[in-house]
Amino acid sequence: MAEEKTDAVRFQPEIPEPFEEGFNIKAIIAALFIGFIMLPGAIYLSLITGGGLGGAAQWVTVILLVEIAKRSFVRLKTQEVYIVYIMAASLVSAGLILGAVGLTLQGGAFGDLIWKQYLIQSPYAESFGLTKEGVLPRWAMPPLGSDALVKRTFFHRDWAVPILLLIVHNVLFRINRFSLGYVFFRITSDKERLPFPMAPVAAEGAIALADASAKKETWRWRIFSIAAMIGVIYGAFYVVVPSITGLFMAKPIQLIPIPWVDLTERIGEKFPASMLGYFTDLGTLFAGFVLPFWIVVGAFISCFCAKTVMNPVLYKLGMLPNWQPGMTANPTQLVSTMGFWMNVIIGGAISVGLIGIWKMVAAFVASRKREAGLKEEQLPPDRGDYPIPAALAIWAISTAIYIAICHTLVPDFPMLFFFLFGFVLTPFLTYASARMFGITGVATGISFPMLQEATFIMSGYKGAWIWFAPMPYFNHGYLVQGFKQLELTRTRFASWYKAEFTTLVIMLFCSFLFWTIIWRMAPIPSATYPFVQRMWPISATFQCLWISTTMPGSESQWILKALHLKYILATTGVALVWYGAVAALRWPIALFYGMIGGIAEYPHSALPMLIGALLGRFYFAKKIGPEQWRRYTPILLAGYACGMGLVAMVSIAVALIGKTIYQLVF
């Protein structure tokens, strides 16, 4: 810990440079480039392959800006580079994250409405009785049969309230996270003086890219270009062929199966309920390069042992009664999770949460003793600070508005739980995660698994509306590292606020525009978008299962029947013992966290990631050098994602032109 703190302090110059503004016209131009060029490619790629641009959008934007600056004889400031970097991350990000059902969707805020239009029209909603009049809220989605759904358009009055709520939520969420995140940055960085060991890494990256604008040749561009060409070549077969053939064929041609090669049905003849296969997107292999080696190994061990080896045993014991011969990966994953593994997943998550809380308390006590003799904080001038009480007041007002909105939308739900989530759990989780960032550089294991779902079920509320309300239940702990990186790059905090709300406007407009266009091209999901056609049904099934637990008169409540307290408690105990054993044997703790996370994964993703991790550790690291390889890996992944993203952008351009010509002719 002392070494990490020394490294973080050493990054600070002896005579600190003044804080400077990083938001200007260059940042706005970069944001427009991402919104109108990168965002549609991210949407299209996520629908077809399930991947996205990820860090590629950040790299492409920053490198493009640097190259333009070099040819214009302009040197970019570090502050400008870093603001562009975080703007890119904000624009091309997951617009929809449903943790309980395992669904993420890139493409900005309107991806949430695209998911809801599918949910209400899906056969799973009908089978659970959710499509009846008044069951699902009109303020969340149009009713079944609405012209807004039939004509696949957002230009309809049935979307007016859902879109208004979407905009209000996105504005409130940013106010809420910036205010509370700033409070805990002041506490963890200025008062407790935590080291934030990973913050200098990102800050140095911004400085290196700023130096590149001075026409200094760097190895990053060379590695990035190689990986991008790999993405372009592979994407030509993986993305372009199905996109082009989908213009004139009912079922597009897939030279490479999307998203995976599934062997589950075949091996199920001899090993019932056993799952096996592999994702065909090379991005999964590249992810194995980047992720910590023992995380990948642990995830593969637990996933393979659970889903491939143990499933046939569970079937023989009669614990997977709903499995039938001929089932493929998705239905097998559903019945095995509902039959047994959901309890293990929850128990493992509880153990990780308990470990995280114990670590937080221990670190808090140690830091208090260590810092008892330190002098009072001195705030750097011109950093952009304002009083902590003012920040707390802004956060409290935004939380109160969230509670008022939720109570207005779902008046029958007890208000006590809104206050509990907003004013107790959110600050606790934020502070706990902020300390983990400050001590270790990453947030590890501070969460309450399934707490929101359990609250809905145990509250006594009957109905489906609460599942769509914008609950004020957040974890803003990751924001403290962003503030620390601003401090290290000497960027005024106000630059981040301006950049974030500028990107919000651009994101909302571009997300609305491009989701409207892509949805009009073909139903989502459909054969035109093979990944979501394969994967969304299982997510819809799980969400309908959760919603059914609070439906009045529901007799099935499969989720409740699938939960067994004895299995959850047993898993929690075994996991805690295993953590103690790993620590006592001085094995990598990452192995433990990987094994906990791997239980919920498909073997289809665990296998290629393991191959990537093994290639990286035992071939490339030895050939290139471990330290140099560690620097290469994130750039390789970003470059590959960029190449795939460029191919996706070309594909969507061709698809748009083709659809337009088709409509004009016919």
Inset, instruction - Examine distances only and state if a side-chain atom of S274 and a backbone atom of G268 form a donor-acceptor pair shorter than 3.5 Å. - result: no
Inset, instruction - Look only at the side chain of T280 and the backbone of P259, and say whether a donor-acceptor pair between them is shorter than 3.5 Å. - result: yes
Legend entry - Worked check of side-chain contact (heavy atoms from CB on, under 4.5 Å) between R177 and E500: CA-CA 11 Å; R177 70 169 183 160; E500 187 70 21; 2.5 Å; yes
Legend entry - Sub-4.5 Å side-chain heavy-atom contact between F184 and H476: no
Legend entry - Y619, OH atom: more than 12 neighbouring heavy atoms under 6.0 Å: no
Inset, instruction - Report yes or no: does N343 contribute a side-chain atom to a donor-acceptor pair with the main-chain N or O of Y567 at less than 3.5 Å? - result: no
Legend entry - F542 side chain reached by T337 side chain, heavy atoms, under 4.5 Å: yes
Inset, instruction - Drop me the distance from L576's CG to T571's OG1, to the nearest 0.5 angstrom. - result: 10.5 Å
Legend entry - F289/W629 under side-chain contact (heavy atoms from CB on, under 4.5 Å): CA gap, chis, key distance, verdict: CA-CA 9 Å; F289 292 161; W629 174 246; 3.7 Å; yes
Inset, instruction - Grab the two heavy atoms, one from F531 and one from I258, that are nearest each other, plus how far apart they are. - result: N-CG2, 4.3 Å
Legend entry - Student check: side-chain heavy atoms of L354 and T572 closer than 4.5 Å: yes
Inset, instruction - I would like to know whether F271 and Y315 meet side-chain contact (heavy atoms from CB on, under 4.5 Å); could you show each step before the answer? - result: CA-CA 9 Å; F271 303 99; Y315 178 76; over 6 Å; no
Legend entry - Close side-chain approach of F304 and V309, heavy atoms under 4.5 Å: yes
Legend entry - Nearest-0.5 Å distance, CD1 of residue I599 to CE of residue M310: 10.0 Å
Inset, instruction - Taking all non-hydrogen atoms of both residues into account, name the closest pair between C303 and P603 and its distance. - result: SG-N, 3.3 Å
Inset, instruction - Assess whether side-chain contact (heavy atoms from CB on, under 4.5 Å) is satisfied between D190 and F185, documenting all intermediate values. - result: CA-CA 7 Å; D190 296 334; F185 165 74; 4.2 Å; yes
Inset, instruction - Report yes if the side chains of V261 and L263 come closer than 4.5 Å at any heavy-atom pair, otherwise no. - result: yes
Inset, instruction - Anything under 30° is parallel, anything over 60° is perpendicular, the rest tilted; go ahead and classify Y640 against Y234. - result: tilted
Inset, instruction - Mind listing the closest non-hydrogen atom pair of T264 and D262 along with its distance? - result: OG1-OD1, 2.7 Å
Inset, instruction - Output the distance between atom CD1 (I256) and atom OH (Y238), rounded to the nearest 0.5 Å. - result: 7.5 Å
Legend entry - Least distance between heavy atoms, N311 atom then S336 atom: ND2-CB, 3.7 Å
Legend entry - Which atom of V532 lies closest to which atom of S46, heavy atoms considered: CG1-O, 4.3 Å
Legend entry - Any donor-acceptor N/O pair, K316 side chain to P272 backbone, under 3.5 Å: no
Legend entry - Test item: P292 and Y593 side chains (from C-beta on) under 4.5 Å apart, heavy atoms: no
Inset, instruction - Report the residue from F173, F428, F178, F421 that forms a ring-ring contact (aromatic ring centres under 6.0 Å, His included) with F474. - result: F173
Legend entry - Considering all heavy atoms, the nearest L591-V297 contact: CD1-CG1, 4.3 Å
Inset, instruction - State whether the side chain of S302 and the backbone N or O of M595 hold a donor-acceptor pair below 3.5 Å, judged by distance alone. - result: yes
Inset, instruction - Have a look at V296 and tell me which of V290, L291, L614 forms a side-chain contact (heavy atoms from CB on, under 4.5 Å) with it. - result: L291
Legend entry - 4.5 Å side-chain heavy-atom contact, I596 and S351: yes
Legend entry - Check: P472 main-chain N/O paired with T426 side-chain donor or acceptor under 3.5 Å: yes
Legend entry - Atom pair CD/NZ of E487 and K484 - distance to nearest 0.5 Å: 4.0 Å
Legend entry - Validation row: L636, F620 side chains within 4.5 angstrom (heavy atoms): no
Inset, instruction - Indicate the ring-plane relationship of Y602 and H604, choosing parallel, tilted or perpendicular according to the 30° and 60° boundaries. - result: perpendicular
Legend entry - CZ-CZ distance between R186 and F483, expressed to the nearest 0.5 angstrom: 11.0 Å
Inset, instruction - Could you tell me the separation between the OH atom of Y431 and the OG1 atom of T188, rounded to the nearest 0.5 Å? - result: 8.0 Å
